[in-house]
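These values consider heavy atoms only, across backbone and side chains, with no hydrogens, waters or symmetry-generated copies.
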Amino acid sequence: MEWSLMRALHKGCFGFSVCRLWRECAWRKLKTRQKVAWLSSVGAAELDLGAHSLVQVVKEELEKVYIIPEMFLYFTDYESLNDRGAHCGPKRAKKKHGSETAAYLEKLLPTDCEILGLATPGIVVTPGGSASNPPMELEDGESGFALLFPKISGVKIQKFHFCKDSKNKVFDEAKLEEAGLKNNPDLRVVLIFGYDIWRHGATRFLHQVLNPLNEKNIIIAGGQVEYLVSFSSQAKSRSTDCIGVVGLALSGPQIQGATVLLDHDVCDEKTVDSAMQRLKAANIPVQNSVGLMFACLGRGEQHYKKKNVEADSFRKHFPNVPLFGFFGNGEIGCDRVVSGNFTLRECNGEKDNLLHGYTTVMTIIHFGHAK
């Protein structure tokens with residue numbers, strides 16, 4: 001079935017000529033497609049759309065994905081959205097380019113698709129076509145990726161956005177419950193990202209959000225990015241110009257995951273491989289799974305004196321799991337395995353710190369067996 005037909009069905013754009021039998025058949029077909037998909041871009045776009053190259057990829061490849069995305073999580077390098085150079089600060093030109101990218105993507109996606117977009121210093125991406133394609137650590141140059149989440153039986157994905165209140169120094173933890181991050185027995189994974197961290201008070205605010213989660217038996221993984229590009233399908237409904245924390249709460253008993261922290265002393269291929277062996281030992285199923293890598297921008301080639309060390313090691317142990325992520329300004333996570341009711345290790349405020357620098361957080365998330 002072509003994407004154009006599925007998209008029209010999802011938006012309710014069928015004419016009366018389409019019979020009920022065909023419509024029911026289409027819905028039955030859609031319900032069988034519950035596998036997480038992705039799109040990625042490497043290098044500048046051939047067409048100048050005034051937006052990031054990821055827009056062209058989505059425009060050309062979305063029809064081939066064959067799912068109806070309910071959540072669209074994307075990351076781009078921030079330098080390509082900045083007309084005035086990499087170190088100019090929060091200039092309007094950068095914000096404008098990000099807004100154009102967000103607007104283009106919103107037009108291409110179903111009207112009720114939830115959207116979260118972030119800009120980062122560097123990108124980790126698996127090129128499109130096959131999950132077994134070698135992942136790439138792209139510390140500079142234009143690149144990006146999008147993860148497309150369809151409606152998955154038994155899985156709930158909620159996005160959240162907390163902005164620092166300049167009038168109140170204390171974070172209202174009741175907001176965590178509203179976002180599905182507290183008093184939620186089905187919560188399994190939290191992907192969490194801080195943005196605009198260069199502002200005064202940003203690190204303290206991130207701690208205020210993270211500390212209540214530190215006692216939960218969940219996977220916590222993410223990092224600190226440059227800025228928020230898009231939060232929802234209504235771009236004006238949330239301000240992106242604030243100190244903020246955004247992310248996704250993944251709930252459902254079928255979700256499994258594991259994270260390992262590559263500390264600053266992990267500095268050669270042998271020690272990286274040992275960390276990946278720990279991740280592999282978690283025995284997380286690889287079907288309908290995604291790998292995520294959140295690394296300090298001080299790591300990568302300058303740290304190892306060789307390109308792609310960590311991404312290549314992940315592929316060695318997970319050859320059929322696509323890997324995505326970014327190089328950022330700080331990492332969030334700790335060693336943890338969550339599989340059913342089993343937890344290998346629980347982050348504890350006395351033993352583990354969720355906020356790190358000069359490290360890499362490697363994660364694998366399983367969304368259940370795709371039908």
Student: Just by modelled atom types, is the Thr259 backbone N or O under 3.5 Å from a matching donor or acceptor in the Thr363 side chain?
Tutor: no
Student: Where the side chain of Ser313 meets the backbone of Glu310, is there a donor-acceptor pair that is under 3.5 Å apart?
Tutor: no
Student: With ring centroids as reference points, do Phe75 and Phe324 lie under 6.0 angstrom apart?
Tutor: no
Student: If hydrophobic clusters are built from ILVMFWY residues whose side chains come within less than 4.5 Å, do Tyr78 and Ile197 share one?
Tutor: no
Student: Can you tell me how far apart OH (Tyr227) and OG1 (Thr120) are? Round to the nearest 0.5 Å.
Tutor: 10.0 Å
Student: Counting N and O atoms only, with roles assigned by atom type, does the side chain of Thr126 sit under 3.5 Å from a partner on the main chain of Ala131, one being a donor and the other an acceptor?
Tutor: no
Student: With the 4.5 Å side-chain cut-off for hydrophobic clustering, are Trp38 and Val42 part of the same group?
Tutor: yes
Student: Would you compute the distance between atom NZ of Lys151 and atom CD1 of Ile157 and round it to the nearest 0.5 angstrom?
Tutor: 10.5 Å
Student: Can you find a pair of side-chain heavy atoms, one from Ile123 and one from Thr76, that are under 4.5 Å apart?
Tutor: no
Student: Relative to the ring of Phe367, is the ring of Phe149 parallel (under 30°), tilted (30 to 60°) or perpendicular (over 60°)?
Tutor: tilted
Student: Side chains of Pro121 and Asn329, heavy atoms from C-beta outward: is any pair under 4.5 Å?
Tutor: yes
Student: Given 3.5 Å as the limit, does a donor-acceptor pair link the side chain of Gln302 with the main chain of Gly298, or not?
Tutor: yes
Student: Under a 4.5 Å cut-off applied to non-hydrogen side-chain atoms, are Leu228 and Leu116 in contact?
Tutor: yes
Student: Does the side chain of Gln34 come under 3.5 Å of the side chain of Ser153 through a donor N or O and an acceptor N or O?
Tutor: yes
Student: Are the side chain of Asn288 and the backbone N or O of Val36 linked by a donor-acceptor pair below 3.5 Å?
Tutor: yes
Student: According to a hydrophobic-cluster definition based on side-chain heavy atoms being under 4.5 Å apart (Ile, Leu, Val, Met, Phe, Trp, Tyr only), do Leu355 and Val190 belong together?
Tutor: yes
Student: How long is the straight-line distance from NE2 of His317 back to CE of Met362, given to the nearest 0.5 Å?
Tutor: 10.5 Å
Student: About how many Å separate CD of Glu139 and CG of Asn308, when rounded to the nearest 0.5 Å?
Tutor: 9.0 Å
Student: Would you say the ring centroid of Tyr74 lies under 6.0 angstrom from that of Phe145?
Tutor: no
Student: Could Lys159 and Phe231 be counted as a cation-pi pair, given that NZ or CZ must be under 6.0 Å from the ring centre and within 45° of the axis?
Tutor: yes
Student: Distance-only, no hydrogens or angles: does the His356 side chain make a donor-acceptor pair with backbone N or O of Asp263 under 3.5 Å?
Tutor: no
Student: Can you label the angle between the Phe326 ring and the Phe294 ring as parallel, tilted or perpendicular, going by 30° and 60°?
Tutor: tilted
Student: First locate atom CG of Asp186, then atom CD of Gln254, and finally report the distance between them rounded to the nearest 0.5 Å.
Tutor: 10.5 Å
Student: Indicate yes or no for a side-chain donor-acceptor contact from Arg204 to the backbone of Lys169 under 3.5 Å, with no hydrogens or angles considered.
Tutor: yes
Student: Are Val58 and Ile67 joined in one hydrophobic group, where the rule is that I, L, V, M, F, W and Y side chains link up if heavy atoms are under 4.5 Å apart?
Tutor: yes
Student: I want to check something: taking the side chain as every heavy atom from C-beta on, are Phe314 and Val124 in contact at a cut-off of under 4.5 Å?
Tutor: no
Student: Within the supplied structure, the quantity of interest is the number of heavy atoms (other residues, nucleotides, ligands) at a distance under 6.0 Å from Asp140 CG; does it exceed 12?
Tutor: no
Student: If you apply the rule salt bridge (Lys or Arg N to Asp or Glu O under 4.0 Å), what do you find for Asp273 with Lys316, and how did you get there?
Tutor: CA-CA 9 Å; Asp273 192 69; Lys316 173 185 174 182; 3.1 Å; yes
Student: Atom CG of Asn320 and atom CD of Gln287: how far apart are they, to the nearest 0.5 Å?
Tutor: 11.0 Å
Student: Side chains of Asp165 and Asp172: does their closest heavy-atom pair fall under 4.5 Å?
Tutor: no
Student: Side chains of His52 and Tyr104: donor-acceptor distance under 3.5 Å anywhere?
Tutor: no
Student: Have Ser130 and Asn133 got a donor and an acceptor in their side chains that come within less than 3.5 Å?
Tutor: no
Student: Spell out, as yes or no, whether a donor-acceptor pair under 3.5 Å connects the side chain of Arg299 to the backbone of Tyr358.
Tutor: yes
Student: Give a yes or no on whether Tyr304 and Leu297 share a hydrophobic cluster (residues Ile, Leu, Val, Met, Phe, Trp, Tyr; joining criterion: side-chain heavy atoms under 4.5 Å apart).
Tutor: yes
Student: Short question: side chain of Asp335, backbone of Leu261 - any donor-acceptor pair under 3.5 Å?
Tutor: yes
Student: Do Val361 and Ile332 make a side-chain contact, defined as non-hydrogen atoms from C-beta onward lying under 4.5 Å apart?
Tutor: no
